[in-house]
Amino acid sequence: MKEMDRVILLDVENQPGAEIMNRFQIRDRQLELFGRLMKAEMDAGYPNGRLYLDSLGSSVAEHLACRYSSMSAPEPAKGGLGAQLKQVIGYVEDNLSHDLSLKELAAIAGVSVSHIKTTFREAVGLPVHQYVIQRRVDRAQLLLREGKLPISRIAAETGFSHQSHLSYHLRRVLGVSPSESARRFRDSQRTMAVDDQRSACS
């Protein structure tokens, strides 16, 4: 069974008694969109990681439960993460190099996958997968500035499965490649050093 299938089943199983009903001759543009997003991610080599696919899978499960379930639409999740948010963020920081999943983070918070997906976004202002990618980019930028590790090692240390994925996200978030980011930092450091010397001589 594929990881996406497990995520969808996990969310549906969180609603005891739910049964997906057959619907024939109906075109569901929302499900088509989810399908296109999943295919685009797979075709690109999964640059956004497992959390992105988890989020899509959870959205599919919620949509199926809402539109095609034997039960009525599920009630919105009540209450935020509260103190659990700090635990989740701390866990993310300590495990940026790992292939994190929504199920894993939901277990840390002690809530369901669909609950953490919704409440995390409300609390932080970003979906979980985008927050994690942002933190990975930030960590990678620090390591690039230190200049002690090759780019391929930095990609692995920050949870990107390939160096090309690190490059993709660095360009998307910062507008530069990893090597360009490191070069710009070195140039700025040299400029600051020259300015300091001039100030000391004046």
Group every Ile, Leu, Val, Met, Phe, Trp and Tyr by side-chain heavy-atom contacts under 4.5 Å, then state whether [X] and [Y] land in the same group.
X: Val124; Y: Val173; result: no
X: Val137; Y: Leu149; result: yes
X: Val113; Y: Ile89; result: yes
X: Val88; Y: Leu51; result: yes

What distance do [X] atom [atom1] and [Y] atom [atom2] have between them, rounded to the nearest 0.5 Å?
X: Leu143; Y: Arg153; atom1: CG; atom2: CZ; value: 9.5 Å
X: Leu102; Y: Leu56; atom1: CG; atom2: CG; value: 10.0 Å
X: Leu96; Y: His98; atom1: CG; atom2: NE2; value: 9.5 Å
X: Leu100; Y: Arg136; atom1: CG; atom2: CZ; value: 5.5 Å
X: Leu174; Y: Leu144; atom1: CG; atom2: CG; value: 9.5 Å
X: Arg183; Y: Ser177; atom1: CZ; atom2: OG; value: 9.0 Å

Side chains of [X] and [Y] in contact at under 4.5 Å (non-hydrogen atoms):
X: Ser114; Y: Ser58; result: yes
X: Leu126; Y: Phe120; result: no
X: Gln84; Y: Gln87; result: yes
X: Tyr168; Y: His162; result: no
X: Leu37; Y: Glu41; result: no
X: Asn48; Y: Ile133; result: yes
X: Thr158; Y: Asp138; result: no

| said: Under 3.5 Å, is there a donor on one side chain and an acceptor on the other for Ser59 and Lys117? | reply: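 Indeed, the side chains of Ser59 and Lys117 share at least one donor-acceptor pair under 3.5 Å.
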| Short side-chain donor-acceptor distance under 3.5 Å, Gln130 and Tyr52 |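 No - no donor-acceptor pair under 3.5 Å links their side chains.
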| Thinking salt bridges, do Glu93 and Arg139 make one under a 4.0 Å N-O criterion? |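 The answer is yes: the pair qualifies as a salt bridge.
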Grab the two heavy atoms, one from [X] and one from [Y], that are nearest each other, plus how far apart they are.
X: Ser179; Y: Ile151; value: N-CD1, 3.9 Å
X: Leu170; Y: Pro178; value: CD2-CA, 3.3 Å
X: His129; Y: Ser55; value: ND1-OG, 3.8 Å

| query | Under 6.0 Å between ring centres, would you say that holds for Phe160 and His165? | reply |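 No.
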| request: Evaluate whether atom CZ of Arg121 has more than 12 neighbouring non-hydrogen atoms of other residues, nucleotides or ligands under 6.0 angstrom away. | output: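 Not buried by this count: 12 neighbours or fewer within 6.0 Å.
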